[in-house]
Student: 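Take this structure first; my questions come after.
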Amino acid sequence: MVTCYLRYIVDAYKLKEFEHYGKLWIPLVEKFGGQHHGYFLPSEGSNNVALAMFTFPSLAAYEQYRIDSMQDADCQAAFRYAEETRCIVSYERSFFRPVFK
């Protein structure tokens, strides 16, 4: 298994838009075989850092999701939403091997 960890810098004035963006992606990741662990929005502390994590059975499955999502109309609409609202300033992606048990 591989877990993708995303750390976002978001526009603190557009948290509602970013939350909507996250809600778009959760079922899309699951549609392509991943297990989404949720988006985590700022609460206490920094007001412009958000996180997301999701797991795929393998790095190959994640890479296939990336390829397939580029051709999917719903994924493209989610990408456009982020661009149009400019709720994401930047992000970084890291991969981890989860230990669940």
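Quick caveat: nothing in here was measured; it's all calculated off a predicted structure. No hydrogens, no waters, no symmetry mates; every other heavy atom, side chains included, goes into these values.
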Student: Output every pair passing side-chain hydrogen bond (donor to acceptor under 3.5 Å, both in side chains) with a member in residues 29-50, not counting sequence neighbours, ordered by first then second residue.
Tutor: K31-D72, H37-T55, S46-N48
Student: W25, V2: one ILVMFWY side-chain cluster at the under-4.5 Å cut-off?
Tutor: yes
Student: With rounding to the nearest 0.5 Å, note down the distance linking CG in L59 to CZ in R66.
Tutor: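 So the CG of L59 and the CZ of R66 are separated by 11.0 Å.
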Student: Between I26 and F54, does the side-chain contact (heavy atoms from CB on, under 4.5 Å) criterion hold? Intermediate values first, please.
Tutor: CA-CA 9 Å; I26 292 170; F54 53 89; over 6 Å; no
Student: Is there a side-chain contact between Y21 and T85 in this structure, where contact means two heavy atoms from C-beta onward sitting under 4.5 Å apart?
Tutor: no
Student: Tell me, do M70 and F79 make a side-chain contact under 4.5 Å, heavy atoms counted?
Tutor: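 Counting from C-beta outward, M70 and F79 do come under 4.5 Å.
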Student: Which pair of heavy atoms, one from C75 and one from F32, lies closest together, and at what distance?
Tutor: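 Between these two residues, the closest heavy atoms are SG-CE1, 3.7 Å.
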Student: If you round to the nearest 0.5 Å, how far is NZ of K14 from CD1 of I88?
Tutor: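 Spacing of CD1 (I88) from NZ (K14) equals 11.0 Å.
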Student: Answer yes or no: is there a side-chain heavy-atom contact under 4.5 Å between V10 and V89?
Tutor: no
Student: Under a 4.5 Å cut-off applied to non-hydrogen side-chain atoms, are R7 and R93 in contact?
Tutor: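 No - every pair of side-chain heavy atoms lies 4.5 Å or more apart.
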Student: I'd like to check the side chain to side chain contact (heavy atoms under 4.5 Å, CB included) partners of P42; sequence neighbours left out, ordered by chain and number.
Tutor: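 Applying side chain to side chain contact (heavy atoms under 4.5 Å, CB included) to P42 gives L15, A50.
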Student: Are M53 and L6 connected in a single hydrophobic cluster, I mean Ile/Leu/Val/Met/Phe/Trp/Tyr linked by side-chain heavy atoms less than 4.5 Å apart?
Tutor: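 Result: no, two separate clusters.
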Student: Tell me whether the rings of Y8 and Y91 are parallel (<30°), tilted (30 to 60°) or perpendicular (>60°).
Tutor: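 Tilted, since the angle between the ring planes falls between 30° and 60°.
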Student: Sequence neighbours left out, what passes side-chain hydrogen bond (donor to acceptor under 3.5 Å, both in side chains) with D68? Give chain and number order.
Tutor: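 Result, side-chain hydrogen bond (donor to acceptor under 3.5 Å, both in side chains) vs D68: Q64.
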Student: On a heavy-atom basis, which atom in A61 and which in S58 lie closest, and how many Å separate them?
Tutor: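 In terms of heavy atoms, the two residues are closest at N-OG, 3.0 Å.
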Student: So, for G34 and F56, which heavy atoms are closest and what is the spacing to 0.1 Å?
Tutor: N-CE2, 3.3 Å
